[in-house]
There are 2 protein chains.
Amino acid sequence: MTTQKKSFSISELAAEFGVTTRSIRFYEDQGLMKPERKGQTRIYYSHDKVRLKLILRGKRLGFSLAESRELFDLWDETPSGSERQLNKMLETLSAKQAQLEQQMQDIQMAKQELDNAEMRCRSALKELMQGKETGQGSAHNTADMLISSKEI
Amino acid sequence: MTTQKKSFSISELAAEFGVTTRSIRFYEDQGLMKPERKGQTRIYYSHDKVRLKLILRGKRLGFSLAESRELFDLWDETPSGSERQLNKMLETLSAKQAQLEQQMQDIQMAKQELDNAEMRCRSALKELMQGKETGQGSAHNTADMLISSKEI
DNA sequence: GCACGACTTTACGTTAACGTAAAGTTGGTT
DNA sequence: AACCAACTTTACGTTAACGTAAAGTCGTGC
């Protein structure tokens, strides 16, 4: 038999994936999972593990739970992958790619600004040292430090 | 006179910086600004503009309001930039740089995963087309699509 | 027949950065 | 006096993804 029907408790799942049972129940609450029940106890199988893995991956990719649920719903709607579904999926992936690109650019700009601030900071330190030698007090303030004079 | 003492209302400031008056009052509430008062009306000068500009820049850099406030407090503590202050500032900037580096890496990985998902998606589409020709139904599901088989 | 641990539901609390509504206070104009 | 726009304070609402009790239910072991 290649078919292993081993089942898992919610705690086992939580431990394996490094999340809390609260999170798993929350995902279910948001319609992302629908485990079997034995009485009132949740019982999970390997396909539930896949689901959870997908949810967590989605989070790493910057998908909200709602977005992930949309994708799941799209897929569950009809059991086999149709052309329309695949195209919608590609569309979603592409949109997310663009979003990540934007984030990258934002971060690049932020890094640039940080570099500038650091340079101004270092030059202020240098000037401070020279001021010590010559006994001249400098009049720096936050504005001088983080905003180049021509900006304002 | 190079000294322009022009003052501004909260609305003028809001319009100039593209934020709401609510935000400006909120920043004050959080201890990031301390404008003069004429009666109960707030009155802003150019140094307040600098402050607001710094706050907004901080946000772009990924600083929380609390973090920005810490920097301001550090600076206001004593009026002129001391060596200790400059070093603390450099330290903070460096930490933020590292944080941005980490974010970049996370995004890079996410982009990689998106690329993988897209590839699997395209190959599924291709297979779907071939299936149409040969009349063979394929048995794809979300798992096949977003998780490569060896991963689980 | 009871303690125990694992599971359950219900429901309020948390964080950040404001949005938004309500209601009151000015200053200036007609 | 009346009115209006712009300002003010107070305070509750919003979002996402859970955290954190509190209190109840279940099967098992002794």
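Lettering follows sequence order; numbering is per chain, from 1.
Nucleotide D:dT8 holds its C1' atom 11 Å from the CD atom of B:Glu28, rounded to whole Å. Atom C1' of nucleotide D:dT8 and atom CG of B:Leu13 are separated by 17 Å, given to the nearest angstrom. In this entry the distance linking CZ of A:Arg37 with P of D:dT25 reads 16 Å, nearest Å.
Using a 4.0 Å cut-off between a side-chain N of Lys or Arg and a carboxylate O of Asp or Glu, A:Asp73 and A:Arg69 qualify as a salt bridge. Ion pair B:Arg42/B:Glu36 not flagged as a salt bridge, since none of the NZ, NE, NH1 or NH2 atoms sits closer than 4.0 Å to an Asp/Glu carboxylate oxygen.
The residue from A:Arg51, A:Arg37, A:Lys34 that alone fulfils the salt bridge (charged side-chain N to carboxylate O under 4.0 Å, His left out) condition with A:Glu28 is A:Arg37.
Of all the heavy atoms in B:Lys96 and B:Gly62, the pair that sits closest is NZ-O, 3.4 Å.
Residue contacts shown for B:Arg42 are limited to sugar-phosphate atoms, with no base heavy atom under 4.0 Å away. A:Thr21 comes within 4.0 angstrom of nothing in the nucleic acid, heavy atoms only. Looking at heavy-atom distances under 4.0 Å, B:Thr20 makes contact with sugar-phosphate atoms alone, never a base. No contact: A:Lys38 has no heavy atom under 4.0 Å from any strand.
Each of A:Arg22 and A:Gln40 was assigned the nucleotide of DNA chain C with the nearest heavy atom; the assignment lying further toward the 5' end belongs to A:Gln40.
In this structure, A:Met109 and B:Arg60 have side chains that are not in contact, with every pair of non-hydrogen atoms separated by 4.5 Å or more.
Each end of the helix from C:dG1-D:dC30 to C:dT30-D:dA1 gets its own axis from five base pairs, and the two axes differ in direction by 40°, given to 10 degrees.
Under a cutoff of 6.0 Å and an axis angle of 45°, B:Lys49 and B:Phe8 form a cation-pi pair. Relative to the six-membered ring of A:Phe17, A:Lys53 misses at least one condition, a distance below 6.0 Å or an angle of at most 45° to the axis.
From the 5' end on, the contacts that DNA chain C makes with chain A at under 4.0 Å to a non-hydrogen atom open and close at C:dC7 to C:dA11.
Taking CZ of B:Arg22 as the reference point, atom CD1 of B:Ile24 lies at 11.5 Å (rounded to 0.5 Å). Here B:Lys6 contributes atom NZ and B:Glu12 contributes atom CD; the two are 5.0 Å apart, rounded to the nearest 0.5 Å.
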